[in-house]
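Encoded as structure tokens, the structure appears first; notes follow it.
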2 protein chains.
Amino acid sequence: MNTIAGHHAPTLEAVAEAAGVSRATVSRVVNGSPRVRGEVVEAVQKAIAELGYVPNRAARSLASSRTHSIALLVPEEVSRFFGDPYFASFTTGLDRRLADSEYVLNLVVARDDPDRKAVRYVRGGNVDGAIVVSHHSGHEFLAQLEGAVPVVFGGRPEAGISTDPYYVDVDNVAGGRLATEHLIGLGRRRIATIAGPEDMSAGVDRLAGFRAALDDAGLPSDAVGHGNFTAPGGAEAMRRLLDTHPDIDGLFVASDLMATGALGALATRGIRVPEDVAIVGYDDSPAATWGEVGLTTVSQPSELMGATTVDVLLRLLRGEPDVPHANIVPTTLVRRDSA
Amino acid sequence: MNTIAGHHAPTLEAVAEAAGVSRATVSRVVNGSPRVRGEVVEAVQKAIAELGYVPNRAARSLASSRTHSIALLVPEEVSRFFGDPYFASFTTGLDRRLADSEYVLNLVVARDDPDRKAVRYVRGGNVDGAIVVSHHSGHEFLAQLEGAVPVVFGGRPEAGISTDPYYVDVDNVAGGRLATEHLIGLGRRRIATIAGPEDMSAGVDRLAGFRAALDDAGLPSDAVGHGNFTAPGGAEAMRRLLDTHPDIDGLFVASDLMATGALGALATRGIRVPEDVAIVGYDDSPAATWGEVGLTTVSQPSELMGATTVDVLLRLLRGEPDVPHANIVPTTLVRRDSA
DNA sequence: TTGTATGCGTTATCAG
DNA sequence: CTGATAACGCATACAA
């Protein structure tokens, strides 16, 4: 066990000899071929265990022209990606699902890819497939990946990146609706929102869900402020909203970070949460639990999204037909104190 | 399957033919061998460029018995690791330095490794070396890595993990002392700390520095809380400290993330920073500037640490003699508003 | 069901 | 300095 160092790692050959069969048979057993006699399978497995045989990845890859590894392509600063709790969780999901497979994850960062090193890596046959996350417009070089290997995007990519991509995403309209309907269910009747930027689909879609829910309930949906997904932005939007709509009793904020700002602004004016104004945030980020009052918020199942992304890619790698391109996962409401 | 219009990816063979030389010569050029005639080198490089030749990793690995990939081993929950700005920055440094080399990073997560899959992976000759981060005591299985491939630890590992490890670390005792002496210099006399976990050397050492500084100054060092390096953990520890030691006027928190939690807890109780309590954090993470008051903090050159970790490993892989085991990088104090 | 033979793309060891 | 020619460890048509 500990004496492996110094000795050569055992090969198929060695296992074959120990089990009294040919290399080919051992290979079949290792790869789970159904057409090997039961006793033989056992004998081989015993030999494998005794010798501590581990297949040589390179040799296997060379012979089969499959690498058994997939690229996790991050087209920007690592710290930007991993510093985001959402992606941390997403990656957890990725890894969990991948752990059950034979695949290994290669971390490929391409923050600035002048010589297209990352693209060449992926196209160079070093991986069987790729998962792309945290992509924005401006990352058009990603278009060169598809056609080389199967690619699945975490989040729907911009049109310039792919025309018919495989991707996993949440339904932001449904999320906005979910939050707003919760407020309505609580009996709130004058509900406002602090929406995200008007040039981001996440912002636009959540606002659309907000409006749809209020329309369906026959309630006014005119109390709309906009923030830039930051805490100060949320505070400022809150102040403006309070000036123009002092009677609001419910609030949907399109991000938890903005919600923390809004909470500060409310506290300053002596408005209590949730007694006077009930609040629902979005993201279920760590910030949702930092404050005095826990923030009720819309949770994106980031871990599930990571797992789903892997599932889609594995199906593609398996050559399954009719794998859906758009994979939408549901959002859920996490109830805390604020609503 | 390369979909490059049905063409096979060009091989050494193809390049050799195009350049009118042998495969061996092309191989030499690719690997930068010095004993190839200048003109020949040029001719070969031209052919390589024209054909878009990329070396086949598997074949190269099989022939040379080197994989050109190294494992980034994370022995715990991914989200715990990547959610921490320190590690995000560390990984940035890793990647930056690695980008200049021929090596690729394999992300290996082993949060719970019942069947030792991660260990088998590393020992199975799938990587040339490993970088281990975020290790705690309880991760004794990591001991099985050394002896198989060179291993470098980000942060000094516990004794149970390795007896004579290669590692990169900051002097955490000095860092804790630095922070505490700053508070003393500010005239604070009742100084508390929120330390890290007792099973991580970073936590233990910073606490030791805290105690040493107070002892030297003849001040009490009994106000000690413990957190798990997360914001909620910091908030909870802060609340406990305030209950047991309501008179504290200075606080050293062993991580910025915990400090943000502590700040929230203080704000809730109406305690002003730095007027009532001066605070020094640790990490100089982005979180240090997120809040209302900028956090004075001990800066770990985390990105440099990541880069250094790679450097050490590459030297080991290169077979350099006399590579130092302990690689200590200095900490500095970054002054902001909180102290 | 099992064994044999061949090839995967490079590196490395020889001669020359 | 350059060119043949073995390995490298495995998968897989093809035979048996």
Side-chain angles (χ1 to χ4, degrees), chain A residues 4 7-45 47-48 51-69 102 121 123-128, chain B residues 1-2 7-45 47-48 51-69 102 123-128 317 319:
Chain A
I4 294 179
H7 293 186
H8 281 286
T11 69
L12 262 195
E13 183 88 51
V15 176
E17 191 177 356
V21 296
S22 73
R23 299 201 314 244
T25 297
V26 178
S27 176
R28 292 187 184 103
V29 172
V30 170
N31 293 297
S33 166
R35 37 188 180 179
V36 181
R37 208 162 22 120
E39 321 163 22
V40 177
V41 172
E42 283 182 31
V44 171
Q45 285 176 334
I48 288 177
L51 295 175
Y53 168 75
V54 178
N56 179 304
R57 206 175 195 82
R60 172 180 278 191
S61 170
L62 183 56
S64 66
S65 73
R66 267 181 286 138
T67 65
H68 288 281
S69 64
E102 286 277 296
Y121 180 74
R123 296 199 63 118
N126 295 302
V127 294
D128 295 340
Chain B
M1 295 299 175
N2 252 322
H7 291 179
H8 282 288
T11 68
L12 264 194
E13 183 88 49
V15 176
E17 192 177 356
V21 296
S22 72
R23 300 201 314 247
T25 297
V26 177
S27 176
R28 291 188 185 99
V29 172
V30 169
N31 294 294
S33 165
R35 34 187 182 183
V36 180
R37 215 166 10 128
E39 322 162 21
V40 178
V41 173
E42 282 180 33
V44 171
Q45 284 175 335
I48 287 176
L51 295 176
Y53 167 76
V54 178
N56 179 305
R57 207 175 196 77
R60 173 180 273 189
S61 170
L62 183 57
S64 66
S65 73
R66 266 181 289 138
T67 65
H68 287 281
S69 64
E102 285 279 294
R123 296 199 61 120
N126 295 303
V127 293
D128 295 340
L317 292 174

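Note that these values count all heavy atoms, side chains included, but never hydrogens, waters or copies made by symmetry. A, B, ... follow the sequence lines: proteins, then strands. Residue 1 opens every chain.
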Does dT10(C) have its OP1 or OP2 closer than 4.0 Å to a side-chain nitrogen or oxygen of Ser27(B)?
no

In this structure, how many angstroms lie between the P atom of dG9(D) and the NE2 atom of His68(A), rounded?
18 Å

Minimum heavy-atom distance Ala19(A)-Ala47(A), with the two atoms named
CB-CB, 4.0 Å

To the nearest angstrom, how far is Glu13(A) atom CD from dA5(C) atom P?
13 Å

How close do Ala18(A) and Leu51(A) get, counting heavy atoms only, and between which atoms?
CB-CD1, 4.1 Å

Nearest-nucleotide comparison on DNA chain D, the residue closer to the 5′ end among Val54(A) and Ser22(B):
Ser22(B)

Could you walk me through whether Glu102(B) and Arg60(B) pass the salt bridge (Lys or Arg N to Asp or Glu O under 4.0 Å) check?
CA-CA 12 Å; Glu102(B) 285 279 294; Arg60(B) 173 180 273 189; 3.2 Å; yes

Expressed in angstrom and rounded to an integer, what is the separation of Arg35(B) atom CZ from dG3(D) atom C1'?
13 Å

For Leu12(B), answer base if it contacts any base atom (sugar-phosphate contacts may also be present), sugar-phosphate if it contacts only those atoms, and nothing otherwise; contact means non-hydrogen atoms under 4.0 Å.
base

For Glu17(A), side chain to side chain contact (heavy atoms under 4.5 Å, CB included) partners two or more places apart
none

Using a heavy-atom cut-off of under 4.0 Å over every strand shown, decide if Val21(A) touches base, sugar-phosphate, or nothing.
sugar-phosphate

Here the gap from Asp128(A) atom CG to Ser64(A) atom OG, rounded to the nearest 0.5 Å, amounts to 8.0 Å

In whole angstroms, how far is the C1' atom of dT10(C) from the CZ atom of Arg28(B)?
13 Å

Shortest non-hydrogen separation from Leu62(A) to Ala58(B) and the atoms involved:
N-CB, 3.9 Å

If you restrict it to nitrogen or oxygen atoms, what contacts under 3.5 Å exist between nucleotides 5-8 of chain D and the protein, and what is each distance?
| residue | atom | partner | partner atom | Å |
| --- | --- | --- | --- | --- |
| dC8(D) | O2 | Ala63(B) | N | 3.4 |

Base dG9(D) to side chain Arg57(A), donor-acceptor N/O within 3.5 Å cut-off
no

Please determine if a side-chain N or O atom of Arg60(B) lies less than 4.0 Å away from the OP1 or OP2 oxygen of dT11(C).
yes

